[in-house]
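To start, the structure itself, in structure tokens.
The chains referred to below are lettered A, B, ... by the order of the sequence lines, with proteins before strands, and numbering in each begins at 1.
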Protein chains: 2
Amino acid sequence: MTLSEENYLKAVYHLESTFPEGVPTNAIAEEMKTKPSSATDMIKRLAEKDLLAYKPYQGAKLNPTGRNHAIKVIRKHRLWESFLVEKLNFSWDEVHEIAEQLEHIKSDKLIRELDNFLGNPKTDPHGDPIPDEDGNIEIIQKRVLSELEKGDEGICVGVNDSSSAFLQYLDKNEISLGKKIEILEKEEFDNSLVIKVNGKSMSISNLAANNLYIKKYA
Amino acid sequence: MTLSEENYLKAVYHLESTFPEGVPTNAIAEEMKTKPSSATDMIKRLAEKDLLAYKPYQGAKLNPTGRNHAIKVIRKHRLWESFLVEKLNFSWDEVHEIAEQLEHIKSDKLIRELDNFLGNPKTDPHGDPIPDEDGNIEIIQKRVLSELEKGDEGICVGVNDSSSAFLQYLDKNEISLGKKIEILEKEEFDNSLVIKVNGKSMSISNLAANNLYIKKYA
DNA sequence: AACAATTTTTAGCTTTGTCTAAAATTTATT
DNA sequence: AATAAATTTTAGACAAAGCTAAAAATTGTT
């Protein structure tokens, strides 16, 4: 399994939630920042290797073997991100690129020991669940902040956009995982929200609210 | 700088102590487990990129830029080996292959933080010196055990052969870095030695004694 | 000095993963 | 249903890094 093959599997895995009937070539190409023709080539190779199902013009669907591989890579990515933040003083907006490299290191023992060393964390620094050794991945029920209604309350459990820009915006406004958020107002005009967090009220754009995951209080 | 280029630089660096007048193509090919023709190709590319001096049939010589790159890779390799042993319960014979992968991860901050996290170790688990951030590498004055004479004493400071087989042999005989070793006898016939270590005497073959570095007491 | 042996280089081919441009297929629109 | 638009695939090229086989240069031996 080459580095590039692993990255494609991961891309297909992530896109499957948006395209459950088959992930389009163009979507894969965009995710991988390559051209559709390149994506086609790679998808064919992965189908050849029996990691996914592919019918021309019908998109790609991981089979259990391929999904397993993808999940293993994701497990490694999220464990390394946790390591960087917990042990090496990285902030949550600095870890993605490095974890993209580290996730391809091959050693079962390494990742098992790393998991133990970190105390078997359940989620990574962005709130995403870390699959266990057998590939089981906990589905955290979450919704985007913008879905909530006036008066609703919840806690911040993750982000959809892991870009430095967004994460630093959150840092600046003291919004982090575990924080309690209450909807004070919904502005019809631009779908922005007024929320209460840290006892203070602030305004948050629809774009930002679309990228913040909340677990609503029951 | 590709992974392969980094590995070649490292190979040339290691071979320069044996071939100070220029590292022969064949030696590089052997070290890299490729064919001489492949080595020639790569050496030319590295010369093209101004990392080493190359004249056909004259071997390769790193220039300061190339040497710097090589040392950085070696620094990363040895820090990762230390991490694996100190933090993740690896033994010294298990770390080499994984460090070969980890040494290519690109992030200055990562390696700086890792160094601090480990408490800025001076040597790796095999006794090899870890270069500092500026590429300064301490030359530990050492000699192979087989050079010592009857009655000499010293402490074990490193190994020349990092193979699992050799390291496990040392483990089995409770020889590790820092151990005091005294030469009780030299056997003329096969150049084996009788040594005292851990208060017990044992016999050690010439081959083994050639791969164990000792710092002789002044 | 001449020939043999060794070392090194060159030339040409392969695979991986990318690209562009053109062809084919599917979807949308009138 | 026919045509336009969008998507996807095919065909052919390219760079990296390796290979084999053959040529060239160097070194060693008589």
> Under 4.0 angstrom, heavy atoms only, what part of the nucleic acid is A/Thr34 near: base, sugar-phosphate, or nothing?
Replying inline: sugar-phosphate
> What is the distance from NZ of B/Lys35 to C1' of C/dT8, rounded to the nearest Å?
Replying inline: 15 Å
> What is the distance from CD of A/Gln58 to P of C/dT25, rounded to the nearest Å?
Replying inline: 13 Å
> Within the pair B/Asn26 and C/dT6, is there a side-chain N or O less than 4.0 Å away from OP1 or OP2?
Replying inline: no
>> Base, sugar-phosphate or nothing for A/Ser4? Non-hydrogen atoms, less than 4.0 Å.
In response: sugar-phosphate
> Counting only heavy atoms not in B/Lys87, do more than 12 sit closer than 6.0 Å to its NZ atom?
Replying inline: yes
>> As a test of reading the structure: which of C/dT18, C/dT10, C/dT9 is closest to the side chain of B/Asp41, going by heavy atoms?
In response: C/dT10
> Within this structure, what is the OH-to-P distance between A/Tyr57 and D/dT7, rounded to whole angstrom?
Replying inline: 14 Å
> Roughly how many Å is it from NZ in A/Lys55 to P in D/dT9, rounded to a whole number?
Replying inline: 13 Å
> Between B/Pro24 and A/Pro56, which has a closest nucleotide on DNA chain C that is more 5'?
Replying inline: B/Pro24
>> Can you tell me if A/Lys10 has over 12 outside heavy atoms packed within less than 6.0 Å of its NZ?
In response: yes
>> Tell me the interatomic distance from B/Ile43, atom CD1, to C/dT7, atom C1', rounded to whole angstroms.
In response: 12 Å
> Looking only at heavy atoms, what is the nearest atom pair of B/Leu51 and B/Asn63, with distance?
Replying inline: O-OD1, 3.1 Å
> Considering the options A/Asp115, A/Asp128, A/Asp132, which one meets the salt bridge (Lys or Arg N to Asp or Glu O under 4.0 Å) requirement together with A/Arg75?
Replying inline: A/Asp115
>> Between P on D/dC19 and NZ on B/Lys33, what's the gap in Å once rounded to a whole number?
In response: 13 Å
> Nearest of D/dG18, C/dT20, C/dT18 to any side-chain atom of A/Tyr8?
Replying inline: C/dT18
> Quick one: is B/Tyr54 getting a side-chain N or O under 4.0 Å of the C/dT9 phosphate, OP1 or OP2?
Replying inline: yes
>> Can you measure B/Asn7 atom CG to D/dG18 atom P for me and round it to whole angstrom units?
In response: 9 Å
>> Starting the side chain at C-beta, find the nucleotide from C/dT10, C/dT20, D/dT8 nearest to A/Thr40.
In response: D/dT8
> If you look at every strand shown and take non-hydrogen atoms under 4.0 Å, does A/Ser38 touch a base, only sugar-phosphate, or nothing?
Replying inline: base
> How is A/Ser37 classified with respect to the nucleic acid when contacts are heavy atoms under 4.0 Å: base, sugar-phosphate, or nothing?
Replying inline: base
>> Restricting to ring-ring contact (aromatic ring centres under 6.0 Å, His included), what partner residues turn up for A/His104, sequence neighbours left out?
In response: none
>> At 4.0 Å (heavy atoms only), tell me whether A/Pro36 reaches a base, stays on the sugar-phosphate, or touches nothing.
In response: base
> At their closest point, which heavy atom of A/Ile214 faces which heavy atom of A/Gly154, and how far apart are they?
Replying inline: CG2-CA, 3.8 Å
> Please give, in whole Å, the distance from C/dT15 P to A/Met1 CE?
Replying inline: 20 Å
> Can you find a side chain N or O atom of A/Lys44 that sits less than 4.0 Å from OP1 or OP2 on D/dT10?
Replying inline: yes
> Where the side chain of B/Thr25 is defined as all heavy atoms beyond and including C-beta, which of C/dT9, D/dA16, C/dT26 is the nearest nucleotide?
Replying inline: C/dT9
>> Please compare A/Leu3 and B/Gly59 by the position of their nearest nucleotide in DNA chain C and report the one closer to 5'.
In response: B/Gly59
